[in-house]
Amino acid sequence: MVDRQFGLIRFLRGENNGRYPFAHSLYIKGKNCRVIIDPACSKEKLTKLRDNEGVDTVWLSHWHEDHFSFLYLFDKCPLWVSEKDFPPLTGLDQLLDAYGIADKNHRAYWKAAFQKQFHFQPRNSARFINDGEIIDLGGITVEAIATPGHTPGHLSFFFREEGVLLLADYDLTSFGPWYGDADSSIDETIASLRRLKKIPARVWLTCHDKGLFEENPGIIWENYENTIYKRENKILAFLEKKPATLDEITAAWLIYGRPREPLAFFQFGERALLKKHLERLQRQGIVALDKEVYIKIKS
Ligand SMILES: [Zn+2]
């Protein structure tokens, strides 16, 4: 699959079809400003772009490592990001804290990975993008849409003239959404998805996998949201059999489906997503926590 041009917007397909640790990127060649959004598609593509066509500013849809992995190629360019998603980009400890990684061994694993694999370099300043802000890049305007849930400050972008909507990490994959960080939220994820669905776009772009929809994704929107409820139902069915601790529920691999390596990534992810669900079920009065044991108390 190749890159695609929509007016002044170029969809830059990521390596390995934009699967983690890669992501699809977007390049906008405005007459006033040339922007790269989420520089994570491919080192080669991004280096060529920088040296040939030029990049003035770098925008991030959110702070995740698979979206900033080649940010270091643009260390002279100003960074634009939402205010809420900036703190994790200011230092390694802030980044680990935002993920909620507390375990000493996991912190060491991720510290090394963020530096070596994702070339993390702290940023000490950024220009903040606000919800509803309309930015004129010259011959093209873009509306920033706050879509929290995946991260607290996740942004999507709507290019009005071209009818192109960048959903970023509401990526419409069959796995479903991620909301496992310290400040992620399932409820906000659902609200953001519903907000995005209503935008009158003609082309929908995401940062991973298929990445490009030239017709309304239709049932794919529902399937994506439904993965949330399917996960929840699996947890409830598990607790129906017997009350369990978070460790016991994690060991059942209800979300990823099977044990996957590296554990520092997948086991952490499984546990983090489960925890969000269990917190939500507790708020809804469906599950209670007694000492360390989760109990289903309502159908
Ligand atoms: Zn992400």
Side-chain angles (χ1 to χ4, degrees), residues 1 3 11-27 36-47 49 58-74 79-82 85-90 92 94-101 106-107 109-123 147-157 166-184 189 205-212 224 255-256 260-270 272-273:
M1 295 281 271
D3 298 345
F11 176 70
L12 300 165
R13 194 160 279 282
E15 282 181 36
N16 194 23
N17 216 19
R19 292 208 178 93
Y20 187 94
F22 297 100
H24 308 309
S25 305
L26 219 60
Y27 178 64
I36 183 87
I37 305 182
D38 292 355
C41 59
S42 132
K43 185 180 175 188
E44 194 194 339
K45 265 189 205 183
L46 291 166
T47 307
L49 192 70
V58 181
W59 298 5
L60 289 179
S61 62
H62 63 297
W63 58 262
H64 282 163
E65 73 281 5
D66 55 324
H67 294 252
F68 68 58
S69 35
F70 302 114
L71 178 62
Y72 75 101
L73 298 172
F74 304 94
L79 172 67
W80 292 31
V81 64
S82 75
D85 269 26
F86 181 56
L89 298 164
T90 60
L92 261 179
Q94 288 89 333
L95 188 57
L96 292 160
D97 290 345
Y99 267 120
I101 301 172
H106 285 184
R107 272 183 98 86
Y109 169 92
W110 280 111
K111 235 177 203 180
F114 288 147
Q115 285 176 303
K116 287 185 198 127
Q117 197 184 347
F118 297 96
H119 321 101
F120 179 73
Q121 289 176 357
R123 286 276 186 149
T147 43
H150 182 75
T151 60
H154 185 282
L155 292 169
S156 301
F157 296 101
L166 176 66
L167 305 169
D169 259 4
Y170 295 100
D171 56 14
L172 305 181
T173 58
S174 57
F175 174 72
W178 167 266
Y179 35 73
D181 307 338
D183 294 315
S184 303
T189 295
L205 304 174
T206 81
C207 287
H208 297 290
D209 287 20
K210 181 175 160 70
L212 167 62
Y224 190 70
I255 293 175
Y256 282 98
R260 290 178 67 179
E261 300 273 354
L263 288 180
F265 184 94
F266 289 105
Q267 196 180 52
F268 172 81
E270 178 81 22
L273 291 169

Using the side chain to side chain contact (heavy atoms under 4.5 Å, CB included) rule, take K43 and Y72 through it: C-alpha gap first, then chi angles, then the decisive distance, then the call.
CA-CA 10 Å; K43 185 180 175 188; Y72 75 101; 3.3 Å; yes

From K210 NZ over to L205 CG, what is the distance, rounded to the nearest 0.5 angstrom?
11.0 Å

If I take atom CG from residue L26 and atom CZ from residue F157, how far apart are they, to the nearest 0.5 angstrom?
9.5 Å

So, using side-chain contact (heavy atoms from CB on, under 4.5 Å) as the criterion, who are the partners of P39 when residues are at least two apart?
I36, L46, V58, L60, L71, F74

Looking only at atom types and distance, does a side-chain atom of H119 sit under 3.5 Å from a main-chain N or O of S69, one as donor and one as acceptor?
yes

Do any N or O atoms from the side chain of S61 and from the backbone of S156 form a donor-acceptor pair under 3.5 angstrom?
no

Assign the ring pair F120 / F68 to parallel, tilted or perpendicular, where the plane angle (0 to 90°) is split at 30° and 60°.
tilted

Rounded distance [0.5 Å steps], CG in L92 versus CZ in R107
9.5 Å

Of all heavy-atom pairs between L79 and F86, which one has the smallest distance, and what is that distance?
CD2-CE1, 4.3 Å

Would you please name every residue forming a salt bridge (charged side-chain N to carboxylate O under 4.0 Å, His left out) with R260, sequence neighbours left out?
none

Work out which heavy atom in Y170 is nearest to a heavy atom in P148; give both atom names and the distance.
OH-O, 3.0 Å

When rounded to the nearest 0.5 angstrom, what is the spacing between NZ in K111 and NZ in K116?
12.5 Å

If only atom types and distance count, is the side chain of S25 paired as donor or acceptor with the main-chain N or O of L12 below 3.5 Å?
no

Y20 and F265 aromatic centres sub-6.0 Å
yes

Whether K45 side chain and R13 backbone form a donor-acceptor pair below 3.5 Å
yes

Output a table of donor-acceptor pairs, distance under 3.5 Å, between side-chain atoms of residues 173-182 and any protein atom two or more places apart or on a different chain; print 'none' if there are none.
residue : atom : partner : partner atom : Å
T173    : OG1  : D171    : OD1          : 3.0
W178    : NE1  : D181    : OD1          : 2.8
Y179    : OH   : R231    : NH1          : 2.9
Y179    : OH   : H277    : NE2          : 2.7
D181    : OD2  : H64     : NE2          : 2.7

Closest approach of C41 to F22 (non-hydrogen atoms, all atoms of both residues):
O-CD2, 3.5 Å

Could you give the distance from OG (S184) to OH (Y99), rounded to the nearest 0.5 Å?
8.5 Å

Please examine the side chains of D169 and H67, heavy atoms only from C-beta on, and report whether any two atoms are closer than 4.5 Å.
yes

Can you confirm if the aromatic rings of W110 and F118 lie within a centre distance of less than 6.0 Å?
no

Assess whether side chain to side chain contact (heavy atoms under 4.5 Å, CB included) is satisfied between D209 and R19, documenting all intermediate values.
CA-CA 6 Å; D209 287 20; R19 292 208 178 93; 3.2 Å; yes

Without hydrogens or angle criteria, can the side chains of D85 and H154 be said to hold a donor-acceptor pair below 3.5 Å?
no

Between Q117 and P21 the two heavy atoms that sit nearest each other are NE2-CG, 3.5 Å

Nearest heavy atoms of T206 and H208, plus distance in Å
OG1-O, 3.0 Å

For the residue pair A40 and F70, what are the closest heavy atoms and their distance?
CA-CD1, 3.7 Å

What's the spacing between F11 CZ and C207 SG if we round to 0.5 Å?
8.0 Å

